[in-house]
Amino acid sequence: MKTDKMGEWRRTHYSSDVGPELDGKEVTVFGWVQEIRDLGGIRFLILQDKNGKVQITIHRDKADSKVLKKAESLQRQYSIGIKGVVRKMGKAPGGAEIIPNEMRIFGVAKQPLPLDITGRTRADIDVRLDARVLDLRREENQAIFRVQHAALEAARSFLSKQGFMEVFTPRIIVSATEGGSALFPVAYFKREAFLAQSPQLYKEQLILDFEKVFEIGPFFRAEESHTRRHLSEFISLDIEEAFATAEDVMKVLEELIHNVCKDVTGNCGRELKLLKHKIEVPKTPFKRFTYDEVLEELEEEKIHIPWGEDIPTPAFRLLGKLHPYYYFLTDWPTKAKAFYIKPRDDNPEISEGFDLMWRWVELSSGGTRIHSKDLLVKRLSEQGLSPESFKHHLQAFDYGMPPHAGWGLGLARLVMALTGIRNIRDVVLFPRDRFRLTP
RNA sequence: GCCCUGGUAGUAUAGUCCGGUCUAGUAUAGGCGGCUGUCGCCCGCCCGACCCGGGUUCAAAUCCCGGCCAGGGCGCCA
């Protein structure tokens, strides 16, 4: 099919701008055909753009013959332009519609589409992800990413006001020595390198110069996990602060969450309505439970966890039922935390590490860091890591490393909390998991 | 890596337990036709499917075995 050129046409209004107050005004709108309702003598097109939908109405006996002919050739998902006159009309959605004088077809769409873009016939997530750009036509899906955008804006603005500076650390790193989760190897010229699993070491080094830094970026973990809250590639929001303790950065974190919730609630009314989700803006300070308190609580529920062990997922699910809000878990056993988390001075068995939970999901994890080189080297060895392979990191500790603390927050998990979406794949545009590498 | 569940038109499902009634039903999308106020428009007609391989049986969408794929869960996830 022959398509039209955009030519000199430029959009004058978005769908959301078209209302009864524009009655009689000529407008140019661009967008995609979401639905066609042909009643014979009258034909309704629902035109969708990034802001919403507007109805285009074509009367068979009144419309220009060229417009009529084009209208008859339209199909779902064609991208088109309409130049027409707004008419106040109580019977139209939003109280107004556009009567076209001219129509241009820019892009056609193969029929039938691989899934229902109106969302009435629901498709499985696998089918939806295979046709992700079409899946993202659905307004609820677009709403998720607008919420994410608002959350990011709120977080950036909050952190900047608190004196944090945004930085970027390398995604390509030299060795897999950070311990813990598996890394993806990459061919780096003639050497082997790895994709970074976190900015941890770099952000710690940078507080020596900038004191308060934050980073928002993708990280990679080659885990075997296949759950609704894990991906191989995820966006992490990290901060690190000099001359600070766990309690200090927990305050930053809870204030950040509070601000994000407040801003998203204020700015994303339409999106939250589309998602049928209400955000309860959490009051600060958040509740804090110690590891020991949680173990006791679980004991009452007949779940026994030996002291020092990590808390298994089913136990976390139960905790989420008991505490359906944002809360901190503190005083973790040192051996359950990473090598760089500082043991308490009065009891080295217990660390100054913490987790921020939302119900049963771990949103963030952080703590006071070790700033003594000797202790850090000792902890590395205890965890079976070689201090030699950390020499570039350790050099920072020779140059006046101050006490410091920080945390990392999983963006997609936060968006899940903000939208009520239960599968992390739904809140990532093109998710990468153990089995999915396309599209 | 382990466990559970599933795989039927473009999409979503019924049928599977208890083999024959299935020439595989329904909705939606798509095609054709009709309809001047729809907003999940409506009405009529049409197109379109049992994941792959093997086995059992007179007979397999249905039972068995293997494979592939998917979903969920667990472990793992500094």
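Throughout, protein chains are lettered first and strands after them, A, B, ... in sequence-line order, and every chain is numbered starting at 1.
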Between the base of [N] and the side chain of [X], is there a donor and acceptor pair under 3.5 angstrom?
| X | N | result |
| --- | --- | --- |
| A/Q75 | B/G31 | no |
| A/S225 | B/C76 | yes |
| A/R422 | B/G72 | no |
| A/R87 | B/G37 | yes |
| A/H59 | B/G37 | yes |

Taking only the side-chain heavy atoms of [X] (C-beta and beyond), determine which of [options] contains the nearest atom.
| X | options | value |
| --- | --- | --- |
| A/K91 | B/G37, B/C41, B/C77 | B/G37 |
| A/L39 | B/C74, B/G37, B/C39 | B/G37 |
| A/R76 | B/G37, B/G30, B/A70 | B/G30 |
| A/E224 | B/U11, B/G30, B/G75 | B/G75 |
| A/F44 | B/U38, B/A29, B/G71 | B/U38 |
| A/F435 | B/A70, B/G30, B/G72 | B/A70 |
| A/Q111 | B/A70, B/C74, B/G30 | B/G30 |
| A/T121 | B/G10, B/C41, B/U28 | B/U28 |

Can you tell me the distance, in whole Å, between the [atom1] atom of [X] and the [atom2] atom of [N]?
| X | N | atom1 | atom2 | value |
| --- | --- | --- | --- | --- |
| A/F316 | B/C77 | CZ | C1' | 12 Å |
| A/R425 | B/G71 | CZ | P | 6 Å |
| A/I36 | B/A29 | CD1 | C1' | 12 Å |
| A/I424 | B/G71 | CD1 | P | 15 Å |
| A/L45 | B/C41 | CG | P | 13 Å |
| A/E35 | B/C42 | CD | P | 10 Å |
| A/Y78 | B/G30 | OH | C1' | 12 Å |
| A/K110 | B/A29 | NZ | C1' | 15 Å |

Spacing of the [atom1] atoms in [M] and [N] (rounded, Å):
| N | M | atom1 | answer |
| --- | --- | --- | --- |
| B/G7 | B/C47 | C1' | 24 Å |
| B/G10 | B/G72 | P | 24 Å |
| B/C4 | B/C45 | C1' | 45 Å |
| B/A27 | B/G44 | P | 10 Å |
| B/G6 | B/C65 | P | 13 Å |
| B/U13 | B/U8 | C1' | 9 Å |
| B/G31 | B/G53 | P | 32 Å |
| B/G15 | B/C63 | C1' | 16 Å |

Under 4.0 Å: is that the gap between some side-chain N or O of [X] and OP1 or OP2 of [N]?
| X | N | answer |
| --- | --- | --- |
| A/N423 | B/G72 | yes |
| A/T227 | B/G72 | no |
| A/R228 | B/G73 | yes |
| A/R317 | B/G73 | yes |
| A/Q197 | B/C77 | no |
| A/R37 | B/G40 | no |

Watson-Crick or G-U wobble partner for [N], using a 3.5 Å limit on both distances?
| N | result |
| --- | --- |
| B/C45 | B/G31 |
| B/C17 | none |
| B/C74 | B/G1 |
| B/C68 | B/G7 |
| B/U56 | none |
| B/U26 | B/A12 |

**Positive for side chain to side chain contact (heavy atoms under 4.5 Å, CB included) with A/I98, one of A/I58, A/V85, A/L45, A/V27** =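 Result: among A/I58, A/V85, A/L45, A/V27, A/V27 is the only option passing the side chain to side chain contact (heavy atoms under 4.5 Å, CB included) with A/I98.
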
**Asked** Are any of the side-chain heavy atoms of A/V29 and A/Y14 separated by less than 4.5 Å?
**Response** no

[X] near the nucleic acid: base, sugar-phosphate alone, or nothing, with a heavy-atom cut-off under 4.0 Å?
| X | result |
| --- | --- |
| A/Q34 | nothing |
| A/P114 | sugar-phosphate |
| A/Q55 | base |
| A/R43 | nothing |

**Request:** Would you mind checking if A/E349 and A/K335 are paired as a salt bridge, meaning a charged N to carboxylate O distance below 4.0 Å?
**Result:**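 No.
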
**Request:** Considering only NZ, NE, NH1 and NH2 on the basic side and carboxylate oxygens on the acidic side, decide whether A/E224 and A/R434 come within less than 4.0 Å.
**Result:**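 Between A/R434 and A/E224 there is a salt bridge, with a charged N closer than 4.0 Å to a carboxylate O.
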
**Message:** Both A/Q383 and A/R120 contact RNA chain B. Taking the nearest nucleotide for each, which residue is further toward the 5' end?
**Reply:** A/R120

**Prompt:** Closest nucleotide of RNA chain B for A/D124 versus for A/G40: which of these residues is on the 5' side?
**Reply:**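 The residue whose closest nucleotide sits nearer the 5' end is A/D124.
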
Between [X] (side chain only) and [Y] (backbone N and O only), is there a donor and an acceptor less than 3.5 Å apart?
| X | Y | result |
| --- | --- | --- |
| A/S225 | A/T227 | no |
| A/D23 | A/P20 | no |
| A/R221 | A/L231 | no |

**Asked** Can the positive tip of A/K212 be found less than 6.0 Å from the middle of the six-membered ring of A/F164, inside 45° of the ring normal?
**Response**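 Output yes; distance and angle both within limits.
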
**Request:** Check the angle between the aromatic planes of A/F30 and A/F106 and answer parallel, tilted or perpendicular using the 30° and 60° thresholds.
**Result:** perpendicular

**Message:** Side chains of A/H230 and A/E223 only: does a donor on one sit below 3.5 Å from an acceptor on the other?
**Reply:**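 Their side chains do not contain a donor-acceptor pair, so the 3.5 Å distance test is not met.
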
